[in-house]
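Computed from a predicted model, the values in this text were never measured in an experiment. In each ligand, atom 1 is the first atom listed, and ligand 1 is the first ligand listed.
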Amino acid sequence: MKSIKVGIAGLGTVGSGTVNVLKRNAGEIARRVGQPIEIAHIGARRENPACDISGIRVSRDVFDVANDPDVDILVELIGGTDVARELVLTAIGNGKHIVTANKALIAEHGNEIFLAAQEHGVDVAFEAAVAGGIPILKALGEGLAANHINWVAGIINGTGNYILTEMEQGARGFEEVLAEAQALGYAEADPTFDVEGVDAAHKLTILASIAFGIPLQFSKVYMEGISRITIEDVNSAAQFGYRIKHLGIARDTGNGIELRVHPTLIPQEIMLAAVNGVMNAVMIDGDAVGPTLYYGAGAGAEPTASAVVADIIELGRELTVDHHERVPYLGFHTDQMSDEPVLTIEDVSCGYYLRLHVQDKAGVLADVTRILSDNRISIEAMVQKEVDEGLVPIVILTHRVREGDMNEALKRIAALDTVDNDIMRIRVETLDA
Ligand SMILES: NC(=O)c1ccc[n+]([C@@H]2O[C@H](COP(=O)([O-])OP(=O)(O)OC[C@H]3O[C@@H](n4cnc5c(N)ncnc54)[C@H](O)[C@@H]3O)[C@@H](O)[C@H]2O)c1
Ligand SMILES: N[C@@H](CCO)C(=O)O
Ligand code: NA
C-alpha cells in the first residue's frame, strides 16, 4: 500500500510527542486518511529517550530532510525564526507541504512563507502554533466563518498561566515555578518569551489575522508580561472578586483593531477565571453565534502533537482522497468502519448516588452494605440524614461499578422489608481524564 511520507525536523518535546502519537495511533490515523502515514526521515542533533525512532532514517542536518525527494510533508519542530525560516522556505521550494508548531515563525515570517507556498502550490498548516492542542484555528477559520468576529480574548500561554496558578494556589515564588514549567516542557527555549508576553503576542497575531482578515502584524501588538505580578497583587485582586489572568485580546472596535497582551483582572465567576495551570482557553464573540469558549491543554508534548498530527492528517487527506470525500463523511473512510459494539446500559460503568429510606432499626445498614459488597460495589461515602416520617434517609456514593451489578444490588435492597422500595439512583461522572 502507498503511504504519505513525513519528514520531522527537531526531536525535542513536540517532536518526540509527534513521533509517539503517529506510532501509537497509526492504525486509526490510516483509517482516517485512507493511507498510512509513514515517518520517512527525522532531522535531529541527537536521539530523544522520550521516543523510539529505531528503523527510521535520521540525519544530523535538518536540511537533508527538507531536500529528501521521498518526503511529502515537512514537519518543522526546531523552533526559532532564522534556521526555521530557511528550512521551511527550502522545503516549500522543493514542493513539500509544511506543518509547524512555530508561532514565532508564522507571526514574524508568515506573510513571506504563505506567498512562497502559493507560488509552489503547497499548503502550510500551523494549528499547534496557537493554544497547543485546542483546535482553535480550525474553529475560528472554518467553524465560525459565517460570523463577523467582534473580539477574541484568551489565556494563550500555558507557562504563564501555570506560573500564575501555582503562585496563587501554592503561594510559591516566580522563579521556582518557572523552573518547574521548563522541566515539564511547557516553556519556550527562551522563557522570557513566555513571561514577558512575546509568545502570547505571536499567537494573538495569528488569531487576529484569522479573525479579521488582516495581514500578520506582530510588531503592532502591545505587550506586557507577568513578571511584575506579585502574590500581593493576586491576593488584593481576590479581595475585590477578581483573578489575574494573562490575556491576549484582539477586538474590532469599528475604527481599528485592538491587539494587546497583558495581565488582566477578570471577575472570579466567569469561566475564563477558572482556567488553571497549563490549560488554555479562548473566547470568541461572533455577531451570529454570540460568545463561544474553547478549552484545553495549551502546551506539552502530546497535547501539542495532537494538533501537529491533525495537520498532517489534513494534508494527507488532501494528497490522497477524492475532493468530495476530503474529510470522510463520518471522519473515517467508509470502507474502514469499525464493528466495535455499542454497549447496553447494563455494561456501562459509572459511580452512583443512591438515596434510600430505611427503618430506624439495628442491622438495616449492615444488610444494605452487605448486598452492595456481594455485588462488587464499594462505597465511597455514606451519610445518614434526620429521621423523616419514621424512616431514615441514607445517601450513599459508590465507586465506579457496572450498571448490571448495581441493578442486581438495587433489586435485592428494594426487596428488604426494612427498606422503602422507592430508591433514587443518579449516575456520577467526575469526568477527570
Ligand atoms: N513545548 C510546547 O509545549 C510547545 C507547544 C506549542 C508549540 N511549541 C513550538 O514547537 C516548537 C518546538 O518546541 P519544543 O518545545 O519541542 O522545543 P525543544 O527545544 O524541546 O525542541 C527543539 C528541538 O530542535 C532541535 N534543534 C533546534 N535547532 C536545530 C537544528 N538546526 N538542527 C537540528 N535540530 C535542531 C533542538 O536540539 C531540540 O531537540 C517551537 O517552535 C515551539 O514554540 C511548543
Ligand atoms: N511556551 C508555550 C508553548 C505552547 O505554545 C506556552 O507555554 O504556552
Ligand atoms: Na491549536
Using heavy atoms and a 4.0 Å limit, tell me yes or no: is Gly298 in contact with ligand 2?
yes

Does ligand 1 have any atom that is closer than 4.0 Å to a heavy atom of Gly185?
yes

Counting heavy atoms under 4.0 Å, the part of Ala187 that contacts ligand 2 is backbone

Could you tell me which atoms of ligand 1, counted from 1 in the order shown, lie closer than 4.0 angstrom to a heavy atom of Ala299?
3 (O)

Would you check whether Gly43 reaches within less than 4.0 Å of ligand 1, judged by its heavy atoms?
no

protein heavy-atom neighbour closest to atom 7 (O) of ligand 2 works out as Thr159 OG1, 2.6 Å

Counting each atom of ligand 1 from 1 as listed, which ones have a heavy atom of Val62 under 4.0 Å away?
32 (N), 33 (C)

Protein non-hydrogen atom found under 4.0 Å from atom 17 (O) of ligand 1
no

Would you indicate which of Val14, Val308, Thr81, Asp61 comes nearest to atom 13 (O) of ligand 1 when only heavy atoms are counted?
Val14

For atom 8 (O) of ligand 2, what's the nearest protein heavy atom and its distance?
Gly158 N, 2.7 Å

Atoms of ligand 1 close to Gly79 [distance to a heavy atom under 4.0 angstrom, numbered from 1]
40 (C), 41 (O)

Is the contact between Thr304 and ligand 1 made by the side chain, the backbone, both, or neither, using heavy atoms and a 4.0 Å cut-off?
side chain

Just jot down the ligand 1 atoms closer than 4.0 angstrom to any heavy atom of Gly10, in number order.
24 (O)

Given atoms OE2 of Glu127 and O of Ile134, what angle do they subtend at the Na ion (ligand 3), to the nearest 10 degrees?
80°

Answer yes or no for Leu137: is there an N/O/S atom below the 3.0 Å cut-off from the Na ion (ligand 3)?
no

Using the salt bridge (charged side-chain N to carboxylate O under 4.0 Å, His left out) rule, collect all pairs that involve residues 232-241, keeping only residues at least two apart or in two chains.
none

Quick check on the Na ion (ligand 3): does Gly132 put an N/O/S atom closer than 3.0 Å to it?
yes

Looking only at heavy atoms, is any part of Ala128 under 4.0 Å from ligand 1, and if so is it the side chain, the backbone, or both, or is it neither?
backbone

Best match, Glu188, Glu86, Gln182: closest heavy atom to atom 42 (C) of ligand 1
Glu188

For atom 10 (O) of ligand 1, which candidate among Ala101, Ala297, Ser16 provides the closest heavy atom?
Ala101

Which residue owns the protein heavy atom closest to atom 5 (O) of ligand 2, what's the atom, and how far is it?
Lys103 NZ, 2.5 Å

Can you tell me if Glu76 has a non-hydrogen atom under 4.0 Å from ligand 1?
no

Would you say the side-chain atoms of Arg31 pair up with the backbone N or O of Phe332, donor to acceptor, closer than 3.5 Å?
no

Counting from 1, what ligand 1 atoms have a heavy atom of Asn102 closer than 4.0 Å?
41 (O)

Measure from the Na ion (ligand 3) to each N, O or S atom of Ile136 and report whether any distance is below 3.0 Å.
no

Consider ligand 1: state whether an atom of it lies below 4.0 angstrom from any non-hydrogen atom of Gly300.
yes

Any ion pair linking Asp68 and Arg57 (charged N to carboxylate O, less than 4.0 Å)?
yes

Working to the nearest 0.5 angstrom, can you tell me the gap between Lys2 NZ and Leu319 CG?
8.5 Å

Judged by heavy atoms only, the candidate from Asp199, Leu77, Val83, Thr13 nearest atom 22 (C) of ligand 1 is Leu77

